[in-house]
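Throughout, numbering of the chain's residues begins at 1 and tracks the sequence. All values below were derived from every heavy atom in this structure, side-chain atoms included, with hydrogens, water molecules and symmetry-related copies excluded.
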Amino acid sequence: QVQLVESGGGTVQAGVSLRLSCVASGFNLNGYTMSWFRQAPGKEREFVAGTFRSASNTYYADSVKGRFTISRENAKRTVYLQMNGLKPEDTAVYYCAADRGLILSSLYTGAQYDYWGQGTQVTVSS
């Protein structure tokens, strides 16, 4: 059974850092695209960062570029999102997503991913 479990969220003040983790079970990460999305209250889900099929191909939303870093350890079946310099506008539920057959042009489209975690809340106060 495929499962993604996120952790590491919390309530922090602006400027601090958090690291989110996503542990996968039921499949091996090799060849999978692993991404992070987020959804703020009243807003649509948006792409945050992704690794396209391997750890060396990383992509970021403009809003987080230079502050967030996505990484993965296939042997541990874990994907991370290091978030530095957090801002109140980063407040959202953060979701881990996975897909094996994704093409690059679909990286930013949540509907294309087969597997999702339950999400972890990140709240940043000013």
Side-chain angles (χ1 to χ4, degrees):
Q1 182 180 356
V2 172
Q3 193 173 17
L4 298 173
V5 179
E6 303 98 333
S7 63
T11 299
V12 297
Q13 289 191 326
V16 303
S17 300
L18 278 177
R19 188 175 81 158
L20 305 184
S21 299
C22 169
V23 179
S25 58
F27 69 99
N28 191 308
L29 297 192
N30 290 337
Y32 272 79
T33 292
M34 303 296 299
S35 295
W36 289 93
F37 287 76
R38 67 186 181 187
Q39 187 166 21
K43 295 187 177 181
E44 292 190 355
R45 181 177 58 194
E46 64 174 356
F47 174 85
V48 175
T51 61
F52 180 68
R53 299 183 183 174
S54 77
S56 59
N57 302 320
T58 59
Y59 299 83
Y60 297 92
D62 288 342
S63 59
V64 305
K65 203 170 291 183
R67 299 188 297 124
F68 291 12
T69 302
I70 187 171
S71 60
R72 57 196 278 173
E73 292 187 74
N74 286 1
K76 294 184 177 181
R77 301 188 182 186
T78 303
V79 182
Y80 304 98
L81 185 67
Q82 177 67 42
M83 306 186 294
N84 298 331
L86 282 162
K87 303 176 181 180
E89 50 263 44
D90 294 319
T91 294
V93 178
Y94 284 71
Y95 297 92
C96 178
D99 195 276
R100 182 170 178 83
L102 204 70
I103 59 175
L104 184 56
S105 59
S106 297
L107 180 71
Y108 307 93
T109 308
Q112 299 295 323
Y113 287 74
D114 284 340
Y115 307 117
W116 290 85
Q118 83 290 346
T120 185
Q121 176 71 46
V122 173
T123 302
V124 185
S125 60
S126 58

So do [Y] and [X] actually touch side chain to side chain, heavy atoms under 4.5 Å?
X	Y	value
Thr69	Asn84	no
Met83	Val12	no
Tyr32	Thr51	no
Leu20	Val122	yes
Gln112	Ser35	no

Working to the nearest 0.5 angstrom, can you tell me the gap between [X] [atom1] and [Y] [atom2]?
X	Y	atom1	atom2	result
Asn74	Asn30	CG	CG	4.5 Å
Leu102	Thr109	CG	OG1	8.0 Å
Thr33	Leu104	OG1	CG	8.0 Å
Leu18	Gln82	CG	CD	8.5 Å
Phe47	Trp36	CZ	CH2	12.5 Å
Arg77	Arg72	CZ	CZ	12.5 Å

Q.
Quick test of your reading of the model: are Asp62 and Lys65 salt-bridged, counting only N-O distances below 4.0 Å?
A.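 Between Lys65 and Asp62 there is a salt bridge, with a charged N closer than 4.0 Å to a carboxylate O.
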
Q) Using the ring of each side chain (for Trp, its six-membered ring), is Phe68 parallel, tilted or perpendicular to Tyr94, with breaks at 30° and 60°? A)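 Taking Tyr94 first and then Phe68, their aromatic rings sit tilted (interplane angle of 30° to 60°).
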
Q: Report the relative orientation of the aromatic rings in Tyr95 and Trp116; use parallel for angles under 30°, tilted for 30 to 60°, perpendicular for over 60°.
A: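 Answer is perpendicular, since the angle exceeds 60°.
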
Taking all heavy atoms of [X] and all of [Y], pick out the closest pair and write down the distance.
X	Y	result
Ala14	Ser126	CB-CA, 4.4 Å
Arg53	Gly101	NH2-O, 4.5 Å
Ala111	Arg45	N-NH2, 3.8 Å
Gly26	Val2	O-CG2, 4.1 Å

(Q) Set out, in order, the CA-CA distance, both residues' side-chain angles and the distance that settles side chain to side chain contact (heavy atoms under 4.5 Å, CB included) for Arg67 and Asp90, then state yes or no. (A) CA-CA 11 Å; Arg67 299 188 297 124; Asp90 294 319; 2.8 Å; yes

Any donor-acceptor N/O pair, [X] side chain to [Y] backbone, under 3.5 Å:
X	Y	answer
Thr123	Thr91	no
Asp99	Asp114	yes
Glu6	Cys96	yes

(Q) Hydrophobic clusters here meaning ILVMFWY residues chained together by side-chain heavy-atom distances under 4.5 Å, can you tell me if Tyr115 and Met34 are in one? (A)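 Both belong to a single hydrophobic cluster.
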
Q: Establish whether Leu86 and Val64 are linked, either directly or via other cluster members, by ILVMFWY side-chain heavy-atom contacts under 4.5 Å.
A: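 Shared cluster, yes.
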
Q: Please assess Ser21 against Lys76 for the test side chain to side chain contact (heavy atoms under 4.5 Å, CB included), listing each intermediate value before the final yes or no.
A: CA-CA 11 Å; Ser21 299; Lys76 294 184 177 181; over 6 Å; no

**Q.** Within the 6.0 Å centroid threshold, strictly below: Phe37 and Tyr113
**A.**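 Ring centres of Tyr113 and Phe37 closer than 6.0 Å.
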
Q: Applying side chain to side chain contact (heavy atoms under 4.5 Å, CB included), run through Tyr80 and Glu73 and close with a yes or a no.
A: CA-CA 8 Å; Tyr80 304 98; Glu73 292 187 74; 2.9 Å; yes

